[in-house]
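Below, chain A is the first sequence line, B the second, and so on; all start at residue 1.
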Amino acid sequence: MEYLSRLNGQQRQAVTTGLGPVLVLAGPGSGKTRVLTQRIAYLIGEMGVRPFQILAVTFTNKAAREMESRVVELVGDRAYGLTLGTFHATCARILRREAEHLPFQSNYVIFDTDDQLSVVKRALSDLNIDKKRYPPQSLLGSISRAKNELLLPDEFAPENYRDEIVKRVYTRYQEILLANNGLDFDDLLLWTARLLEDVPEVREKYARRYVHVLVDEFQDTNLAQYRLLTQLASNYRNIFVVGDSDQSIYAWRGADYRNVLRFERDFTGYQEILLEQNYRSTQAILDVAMAVIDRNPNRTHKNLSTSRGFGEKIVLHETYDDREEANYVVEKIASLVATNQANTGDFAVMYRTNAQSRLLEEAFLHANLPYKLVGAQRFYGRREIKDIIAYLRLAHNVNDEISLTRIINVPARGIGSKSLITLRAAAQKNQISPGNMLVALGSKQEQYLEHFQSRMGSVLSDFGELLAGWRKLQNELPPLALMDKIIDDTGYRSYIDDGTDEGRDRWENVMELRRLADEFKEAGLDAFLERVALVSDQDTLEGNVNVPTLLTLHAAKGLEFPNVFIVGLSDGVLPHIRSFDEPEGMQEERRLFYVGITRAKDRLFLVLPLNRSSFGYSEPVDESRFLRDIPQELIKDSGRARSRSHITRSGVLRWEKDKVPTTGKSEPLYQAGATVLHPVWGEGMVLNSRIQDDDEIVDVFFAGEGLKRLAASLAKLELKS
DNA sequence: GCATCGGATTTTTTT
DNA sequence: AATCCGATGC
């Protein structure tokens, strides 16, 4: 129990509290994860609770993994059997196990946002609704909101004409999903919650098993998640939730702060514990954060305090435009690293919208500085990855028509839209799915051939034969082998790798996916597909790469960095223009800014461009209204020139242009972050190094000299440890 | 059935 | 600026 001594009084109270409902209100940096993990350890180690009786849910796999490893650190293999995972993954598993009670089969596939959009479009065309008048995106939003409120199509009560349309589309949408044996993200929560509410024996089973339920980021739960939790905790009422309403930034996807009120109402006699002591940031940063968040109405003021001291004032910097904003960030990072004030991995650059990452990436590439970018889209959104996954999904579940439509003619095999329409019609006539019709054609069931012209029939049968083959192998081969067979059968490699640089990149992405598939030798195709469907953006954050991180403010939640840049602080970006109409939205923007600020441990840089390019044009922009709320005495006197007219396009340090690194065989001797000694310039910091033509090219930042590019064979560098 | 061109459209945030 | 969609021609 020696670990308990490292907790403060409130934390210890939370960790060691007895049975019953507990609501922990935890400010940023107050050791929330620590409390959760130690609570689990305490239950296992001191209260004699068996791990399989504990359920802990988070929002991202990364948070789940981190909690798991910390629990293992504390109690070792006594943690074995613990249920710890994201809401979505936990639900996905329950649904596979309990599929017999539900209107789909256990080998269902999970539809991502793109798939969902395809389904909406299908529904619109089935119903003859004009998608110009009813944009699929917005209909999908309405459907998703309904699902988050646990409303099935026939329970959806229209309040206006648009709702009538939504209801019709939603009805058709859900029919299509079920016909495809597919579930969307919202369904995972919806069906699990409904299952627990509607089938008493299932509820009993889980409510009796899970003696303790723990929830991270409670402020981000939606109604479906809340109802799910109350069902799970219905037997023992040992529910331990941790959250911070000031960090609620997901209302737009159904998160409902009223869940805190519901909790207070439904779990009477609950204990409330406040964690206010901050262990992360300097007081200067906390003062800025409080100044910003205090402007939100209807909240109780939290007094964030730290024992870390005041620290450095924050930096507010204006640049001419967004391009120079990116350059400023890169230069600032380089100079802090070069002057030994920080390590390369100590930085995060945060922005409101994903599109803002592009200029930043360009600036980093230009300066030859490595970086990492958080965002699942980056990988899983790629065409080649989606193609391969669609093939696997189809092999796993031939009813998945969305995947079928995606790849039936990729690579081109002469099955165009005409054939597809004919296939669909024929399948419908025979009361089977198009996938099954193909499999039948491929298995030489000639009776179906009569629906097609001879050439069409033979191309379809050929493809059906392939599909039938994969389907058979799907259970025998590990995911990687099946993937290779598909790539081989379809000639996918020569299709994608056309000899261009882009083609090579695309093939490398496929190789990356192969590597991931290889990790699922034992777990199987099921688990692999679930994993690729439920990756979150944060999950793409690799742990130990020691380079700056680029990420959205949303993705930054739960993380911390010594030095944080928040860029694009102009009105319309942060707060985003789409939130201008409703005060609720504006308040959420403010919380988003607050989340960003409170990620910083030591230094905070707020950067704003005076001009911004959008759709190809550069326009002057106003500064973010949030900046006006920060007291001057917390801001370092820098960057904010006497007059805005002093800030011009000129005088920007441009880093040497160079070619992309070649593919050398050996490893660079000098690693980014290492200190080297040069006979003339003295001590410098390695920013980047790569092998080029049998030599090593090293970029070194010398405090007095600036950035120098050196050839290792000539420069006589000495590596200091 | 497929490639190409031109015009429209895009940008909120994500499990 | 970049991508997507639909119409057109081959």
J.: Between B:dT13, B:dT15, C:dC5, which nucleotide has the shortest distance from any of its atoms to the side chain of A:K121?
T.: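 The answer is C:dC5, which lies nearest to the side chain.
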J.: Taking CG from A:D114 and P from C:dC5, how many angstroms apart are they, rounded to a whole number?
T.: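 Rounding to the nearest Å, CG of A:D114 and P of C:dC5 are 10 Å apart.
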J.: Decide whether A:R323 and A:S618 meet the rule of one side-chain donor and one side-chain acceptor closer than 3.5 Å.
T.: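 Per modelled atom types, A:R323 and A:S618 side chains form no pair under 3.5 Å.
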J.: Which one, B:dG1, B:dT15, B:dC2, comes nearest to the side chain of A:T113?
T.: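 Selected nucleotide (nearest to the side chain): B:dT15.
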J.: CD of A:E512: more than 12 outside heavy atoms within 6.0 angstrom?
T.: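 Buried by this count: over 12 neighbours within 6.0 Å.
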J.: Could you tell me how far apart A:L359 (CG) and C:dA2 (C1') are, to the nearest whole angstrom?
T.: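 A:L359 atom CG is separated from C:dA2 atom C1' by 13 Å.
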J.: So, are A:R145 and A:E149 salt-bridged, with charged N and O less than 4.0 Å apart?
T.: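 Salt bridge between A:R145 and A:E149, a charged N being under 4.0 Å from a carboxylate O: no.
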J.: May I ask you to decide whether A:D497 forms a salt bridge with A:R506, counting only side-chain N to carboxylate O separations under 4.0 Å?
T.: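 Answer for the salt bridge query: no.
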J.: Which nucleotide in the list B:dT14, B:dT15, B:dT11 gets nearest to the side chain of A:F185?
T.: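 Looking only at side-chain atoms, A:F185 lies closest to B:dT15.
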J.: State plainly whether the residues A:R590 and A:D629 are in salt-bridge range, i.e. N to O under 4.0 Å.
T.: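 Looking at A:D629 together with A:R590, the answer is yes, because their closest N to O distance falls below 4.0 Å.
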J.: Does the distance from a Lys or Arg side-chain N to an Asp or Glu carboxylate O, for A:K147 and A:D184, drop under 4.0 Å?
T.: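 Yes, charged N to carboxylate O under 4.0 Å.
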J.: Which nucleotide in the set C:dC5, B:dT13, B:dC2 lies at the smallest distance from any side-chain heavy atom of A:N409?
T.: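 Looking only at heavy atoms from C-beta outward on A:N409, the closest nucleotide is B:dC2.
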J.: When the distance from CG of A:D187 to C1' of B:dT15 is rounded to whole Å, what number comes out?
T.: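 Going from CG in A:D187 over to C1' in B:dT15 covers 13 Å.
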J.: Output yes when A:E588 and A:R591 qualify as a salt bridge under the 4.0 Å nitrogen-oxygen rule, no when they do not.
T.: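 Between A:R591 and A:E588 there is a salt bridge, with a charged N closer than 4.0 Å to a carboxylate O.
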J.: Under a 4.0 Å threshold between the charged nitrogen and the carboxylate oxygen, would A:D220 count as salt-bridged to A:R253?
T.: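 No, this pair does not count.
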J.: Does B:dT11 have OP1 or OP2 sitting under 4.0 Å from an N or O in the side chain of A:N354?
T.: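 No, no such contact exists.
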J.: So what is the 5' to 3' dot-bracket string for DNA chain B, if pairs are Watson-Crick or G-U wobble with both distances under 3.5 Å, crossing pairs use [ ] and | means the partner sits on another strand?
T.: ||||||||||.....
J.: From B:dT14, B:dG1, B:dC2, pick the nucleotide closest to the side chain of A:T552?
T.: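 Among the listed nucleotides, the one closest to the side chain of A:T552 is B:dT14.
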J.: Measure the distance from NZ on A:K386 to P on C:dC4 and round it to the nearest whole Å.
T.: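 Those two atoms, NZ and P, are 11 Å apart.
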J.: Pairs under 3.5 angstrom only: tabulate donor-acceptor contacts from the side chains of residues 579-587 of chain A to other protein residues two or more places apart or in another chain.
T.:
| residue | atom | partner | partner atom | Å |
| --- | --- | --- | --- | --- |
| A:S579 | OG | A:H576 | O | 2.6 |

J.: So which nucleotide from B:dT15, B:dT13, B:dT11 ends up closest to the side chain of A:W252?
T.: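 The listed nucleotide nearest to A:W252's side chain is B:dT13.
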J.: What nucleotide, of B:dC2, B:dG1, B:dT14, holds the atom closest to the side chain of A:K418?
T.: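 Output: B:dG1.
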J.: Classify the ring geometry between A:F626 and A:F593 as parallel (under 30°), tilted (30 to 60°) or perpendicular (over 60°).
T.: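 Ring orientation of A:F626 relative to A:F593: parallel.
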J.: What is the separation between atom CZ on A:R323 and atom P on C:dA1, rounded to the nearest whole Å?
T.: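 That distance rounds to 10 Å.
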J.: So which of residues 576-584 of chain A are in contact with DNA chain B, with a heavy-atom cut-off of under 4.0 Å?
T.: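 The stretch gives A:H576, A:R578 as the residues lying under 4.0 Å from the strand, ordered by number.
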J.: Closer to the 5' end of DNA chain B via nearest nucleotide, is it A:G416 or A:F87?
T.: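 Upstream on the strand: A:G416.
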J.: Round to the nearest Å and state the distance from A:F452 atom CZ to B:dG1 atom P.
T.: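 That distance rounds to 12 Å.
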J.: Compare the minimum distances between each of B:dC2, B:dG1, B:dT13 and the side chain of A:A412, then state the nucleotide with the smallest one.
T.: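 Among the listed nucleotides, the one closest to the side chain of A:A412 is B:dC2.
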J.: Provide the distance between the two P atoms, one in C:dC4 and one in B:dT13, to the nearest whole Å.
T.: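 C:dC4 and B:dT13 have their P atoms separated by 16 Å.
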J.: Taking only the side-chain nitrogens and oxygens of A:S419, find out if one of them lies under 4.0 Å from OP1 or OP2 of B:dG1.
T.: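 For B:dG1, OP1 or OP2 has a side-chain N or O of A:S419 closer than 4.0 Å.
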J.: Nearest-Å distance, CD (A:E588) to P (B:dT14)?
T.: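 Whole-Å distance recorded here is 12 Å.
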J.: Quick check: on DNA chain B, is the nucleotide nearest A:L189 upstream (toward 5') of the one nearest A:G414, or the reverse? Name the residue that is more 5'.
T.: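 The 5'-side residue here is A:G414.
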J.: Nearest 0.5 angstrom please: A:L559 CG to A:M350 CE, how far?
T.: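 A:L559 atom CG to A:M350 atom CE measures 7.0 Å (nearest 0.5 Å).
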J.: Which whole-number value in Å describes the distance from A:Q453 CD to B:dG1 C1'?
T.: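 Distance check: A:Q453 CD to B:dG1 C1' gives 12 Å.
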